[in-house]
S.K.: 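What follows is a single structure, and I will ask about it in a moment.
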There are 6 protein chains.
Amino acid sequence: MATLSKVPRTEVLKDVQETLGLVPEWVRSIPESVLPGLWAEMRDFYLAETKIPNKYKELIGLGVAGATRCKYCALFHTEAARLFGATDEEIAEASALAGFSMQVSTYVNAKQIDFDKFKKETLEIVEHVKRQMAAAPGKARAEQPRHA
Amino acid sequence: MATLSKVPRTEVLKDVQETLGLVPEWVRSIPESVLPGLWAEMRDFYLAETKIPNKYKELIGLGVAGATRCKYCALFHTEAARLFGATDEEIAEASALAGFSMQVSTYVNAKQIDFDKFKKETLEIVEHVKRQMAAAPGKARAEQPRHA
Amino acid sequence: MATLSKVPRTEVLKDVQETLGLVPEWVRSIPESVLPGLWAEMRDFYLAETKIPNKYKELIGLGVAGATRCKYCALFHTEAARLFGATDEEIAEASALAGFSMQVSTYVNAKQIDFDKFKKETLEIVEHVKRQMAAAPGKARAEQPRHA
Amino acid sequence: MATLSKVPRTEVLKDVQETLGLVPEWVRSIPESVLPGLWAEMRDFYLAETKIPNKYKELIGLGVAGATRCKYCALFHTEAARLFGATDEEIAEASALAGFSMQVSTYVNAKQIDFDKFKKETLEIVEHVKRQMAAAPGKARAEQPRHA
Amino acid sequence: MATLSKVPRTEVLKDVQETLGLVPEWVRSIPESVLPGLWAEMRDFYLAETKIPNKYKELIGLGVAGATRCKYCALFHTEAARLFGATDEEIAEASALAGFSMQVSTYVNAKQIDFDKFKKETLEIVEHVKRQMAAAPGKARAEQPRHA
Amino acid sequence: MATLSKVPRTEVLKDVQETLGLVPEWVRSIPESVLPGLWAEMRDFYLAETKIPNKYKELIGLGVAGATRCKYCALFHTEAARLFGATDEEIAEASALAGFSMQVSTYVNAKQIDFDKFKKETLEIVEHVKRQMAAAPGKARAEQPRHA
């Protein structure tokens, strides 16, 4: 894997310039030994076509941004989500989903819910819903959005 | 909205039982004044068909779980994501996306990147990519997954 | 529980308007399937009279806001705490309590303190203090504030 | 303030032993230069009678523990809250309050709600409720718990 | 340890004034029962010469600030790190290190990596690197910085 | 930068095997498009000799782990810090430093300390200490540890 560490900074910055149209200040400030790897992840995973469509990658990032209070990320992921086709409603839903998840998680952690029982009950719930979905496939909660 | 607050606990628990197949301990422990509203959100938003497909709602929750270290949620969202069709690869990608986002966000917050400049550059990047996508629509990063 | 999900958005917003005197932008932006449940929790639990007096509910919220760095919440909970009678000293104490708790928790998590031993010792401490309080009830750390 | 820094470790540990009945492992592991100050805070603020009653201090700590996922703190604050008279219902309410606050805060941070507008609306809401409480003092949300 | 709790506020504030050249607003706002202990920790541990050099203490604080999004701390620790000799490159590296750590930690928590296996493998890795360092001490990753 | 994205997974895993002595499960589970970049960062920055000595990189990671409650990271960074020469005292100090920083940060965020005033006062403090260090260089808080 020797080639990977040999990528010169100027080459990385040139690649950033071509891909993003500019080299943002935050990218320029990244230490030399960090940049090639970070940019490889950004270009080949985050911005690339992978198993999760880019719109949903951005909505995952948006949920994380809300839960961990990063204003940079909330801005970036919102704009990028819109770029990849997200509507205002989807942005609001992703924000609300992260909020709902944080509500329940904060509660169960504070209440010291027994983890083994939680796991057992969760797996039983999954089996129950699976049976329901098999019995009434037409009414199943589809993977596809309702309003696509 | 008077009816909303009148929903008796027994009626809510009956609805939980029917929907999930059991009443998990953590639901049973929720205070009386909290439960009707929390369950309404869970049933009518989180578990319902809304703009964001359930599979992606779970992957958002999974990203949040990793970033905020909730073992209950990591388990729940992983199992529910699988129920709604997520593959191991999608689960790994959602985890990695949250990780990548936390990496950059931790860096830019520590480095005190100027927010106004960050915003300006982000909007310029979005315009640049938009132009590229318009110029080469066939090569655009599609909303649909590559391997669907 | 059918009624709960049937509450129309206009009815919820009317209830918000009556209770708060206006419909804040953040409430208005909440997705339709989320709003009835979230508002039910806000009205019937958070803003209602429940077991924990409202002043202390706000101080709990303030502690959480400080620990998780939410500027919206720090503002909201501070103003609401004052509305319910909190003094500047109580607001400073709640902030300091959250700070003290985060100090110790960060330390014990980083130091990988053995959890089972921590639990055993904590229960022994509780028993010790209980015995002391029983032996000298006049000197017990009372539930009531000293300067009420 | 010279005296404070001169407190020998053995004297601090003796004080811990007398107050808690034992010296927990986590206290024993604290660096020499940290312990006198940390213990002073613990004894003179956290465990002492101050403006906020100890029961509510523990419930603040419990809310913070849930929001920041500290299992040590969830255990400690729950046991200490009970020691100071908290009921199961109050413990569940504190957990739910932290959960509700994290839900809304995650949402407003992800949705990038305008802070100045949020502040203006919050202050208006506070004024509205204040007027309502003045007009109907008997129905005001009292500082005292309903079921005291 | 009686002396410790007897330190009057005026004496503490005088000590703060002498050490820092002023009494910052945030110090002045700290509750009376909290201040002596907090200042003792700040003066005798945080600002004092201890096992970890002050420059690196500040870089630890900076990493924590980035990971937990505290703008006050990012500013304070950056300025203090520079005061104790940190270069721009070291500040960028500390920010990136915190970022890298948050990336991996978010991933492994979301992916529910088995902890016992993680521990076993980590200990094996440490043994492997230890053997390598012993075999080639000249090439070992030294404790001293390369560019000191 | 074409070469970087072309690094095949097998080559990366071989490099991991050589460097760490094994391929940990968590590395093996990382998505194909993420691994080359993440490993490049790990090898060329995190594990490499850079401006911040490895021992201190690990202590930064340990502080972050405590503040963000990652048990995997607390274990990993503790073991790696020891590998690079950290003593038990340094590990306890890093944990306590992160704890102290989280205490103050939680407090100032909850108390809504005015940021501009905080910044102005911080810069004045830095100037004050700088003058003191220049006036009494022998007594200055040195960059080198006392007990090296």
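We name chains A, B, ... by the order of the sequence lines, and we start the count at 1 in each one.
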S.K.: Check whether D:Leu22 gets within reach of chain C through its side chain, its backbone, both or neither, counting any heavy atom under 4.5 Å.
M.R.: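 Interface part for D:Leu22: side chain.
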
S.K.: Please flag which part of C:Ala96 lies under 4.5 Å from any non-hydrogen atom of chain D: side chain, backbone, both or neither.
M.R.: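 Both backbone and side chain.
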
S.K.: With no hydrogens and no angle check, is any side-chain donor or acceptor of D:Glu93 less than 3.5 Å from a backbone partner on C:Ile52?
M.R.: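 Side chain of D:Glu93 to backbone of C:Ile52: a pair is present.
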
S.K.: Are the charged groups of D:Lys51 and C:Glu90 less than 4.0 angstrom apart, N to O?
M.R.: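 Answer for the salt bridge query: no.
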
S.K.: With a 4.5 angstrom heavy-atom cut-off, could you sort out which part of D:Ser29 is near chain C: side chain, backbone, both or neither?
M.R.: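 D:Ser29 touches chain C through backbone and side-chain heavy atoms alike.
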
S.K.: With a 4.5 angstrom heavy-atom cut-off, is it the side chain or the backbone of C:Gln103 that approaches chain D, or both, or neither?
M.R.: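 Just the side chain, heavy atoms under 4.5 Å.
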
S.K.: Quick check on C:Leu123 against chain D: is it the side chain, the backbone, both or neither that has a heavy atom closer than 4.5 Å?
M.R.: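 Side chain only.
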
S.K.: Let's test your reading of the structure: which of D:Arg82, D:Glu127, D:Arg131, D:Glu79 forms the most heavy-atom pairs below 4.5 Å with chain C?
M.R.: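 With the most close heavy-atom pairs to chain C, the winner is D:Glu79.
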
S.K.: Among C:Val104, C:Leu83, C:Thr106, who wins on heavy-atom pairs under 4.5 Å with chain D?
M.R.: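 Going by pairs under 4.5 Å, I would pick C:Leu83.
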
S.K.: Supply the atom-to-atom distance D:Lys71 NZ to C:Phe118 CZ, rounded to the nearest 0.5 angstrom.
M.R.: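 Going from NZ on D:Lys71 over to CZ on C:Phe118, the span is 10.5 Å.
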
S.K.: What's the separation between atom CG in C:Leu97 and atom CD in D:Glu41, rounded to the nearest 0.5 Å?
M.R.: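 CD of D:Glu41 is found 10.5 Å from CG of C:Leu97.
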
S.K.: Please report the closest heavy-atom contact between D:Ile60 and C:Gly63, naming both atoms and the distance.
M.R.: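 Heavy atoms of D:Ile60 and C:Gly63 come nearest at CG2-CA, 4.3 Å.
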
S.K.: Report yes if the side chains of D:Ser105 and C:Phe76 come closer than 4.5 Å at any heavy-atom pair, otherwise no.
M.R.: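 They are not in contact (no side-chain heavy atoms under 4.5 Å apart), so the answer is no.
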
S.K.: Using non-hydrogen atoms and a 4.5 Å limit, figure out which bit of D:Glu58 sits close to chain C: side chain, backbone, both or neither.
M.R.: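 Neither part; nothing is under 4.5 Å.
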
S.K.: Name the option with the most non-hydrogen atom pairs under 4.5 Å to chain C; the candidates are D:Tyr72, D:Phe45, D:Tyr107.
M.R.: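 Going by pairs under 4.5 Å, I would pick D:Tyr72.
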
S.K.: Which value, rounded to the nearest 0.5 Å, describes the distance between D:Phe115 atom CZ and C:Leu75 atom CG?
M.R.: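 With rounding to 0.5 Å, CZ (D:Phe115) is 5.0 Å from CG (C:Leu75).
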
S.K.: Is it the backbone or the side chain of C:Met102 that comes under 4.5 Å from a heavy atom of chain D, or both, or neither?
M.R.: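 Only the side chain of C:Met102 comes within 4.5 Å of chain D.
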
S.K.: Any chance you could measure C:Ile113, atom CD1, to D:Trp26, atom CH2, to the nearest 0.5 Å?
M.R.: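 C:Ile113 CD1 to D:Trp26 CH2: 9.0 Å, rounded to 0.5 Å.
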
S.K.: Where is the tightest heavy-atom contact between D:His77 and C:Ser101, given as atom of each residue plus distance?
M.R.: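 In this case the closest contact between D:His77 and C:Ser101 is NE2-OG, 3.0 Å.
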
S.K.: To the nearest 0.5 Å, what is the distance between OG1 (C:Thr50) and CD (D:Glu89)?
M.R.: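 CD of D:Glu89 is found 10.0 Å from OG1 of C:Thr50.
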
S.K.: Take C:Phe100 and D:Met42, measure what side chain to side chain contact (heavy atoms under 4.5 Å, CB included) needs, and give me the verdict at the end.
M.R.: CA-CA 8 Å; C:Phe100 181 73; D:Met42 187 158 178; 3.6 Å; yes

S.K.: Please rank C:Ile30, C:Val23, C:Thr87 by heavy-atom pairs under 4.5 Å with chain D and give me the top one.
M.R.: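 Greatest number of close heavy-atom pairs with chain D: C:Ile30.
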
S.K.: If I compare all heavy atoms of D:Ile125 with all of C:Pro24, which pair ends up nearest, and what's the gap?
M.R.: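 Smallest interatomic distance, heavy atoms only, reads CD1-CG, 3.7 Å.
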
S.K.: Considering only residues two or more places apart or on different chains, which pairs with a residue in residues 51-130 of chain C satisfy disulfide bond (SG atoms under 2.5 Å apart)?
M.R.: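 Residue pairs with at least one partner in residues 51-130 of chain C: C:Cys70-C:Cys73.
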
S.K.: Can you list every salt bridge (charged side-chain N to carboxylate O under 4.0 Å, His left out) pair that touches residues 105-123 of chain C, not counting sequence neighbours?
M.R.: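 Only C:Lys120-C:Glu124 qualify under salt bridge (charged side-chain N to carboxylate O under 4.0 Å, His left out).
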
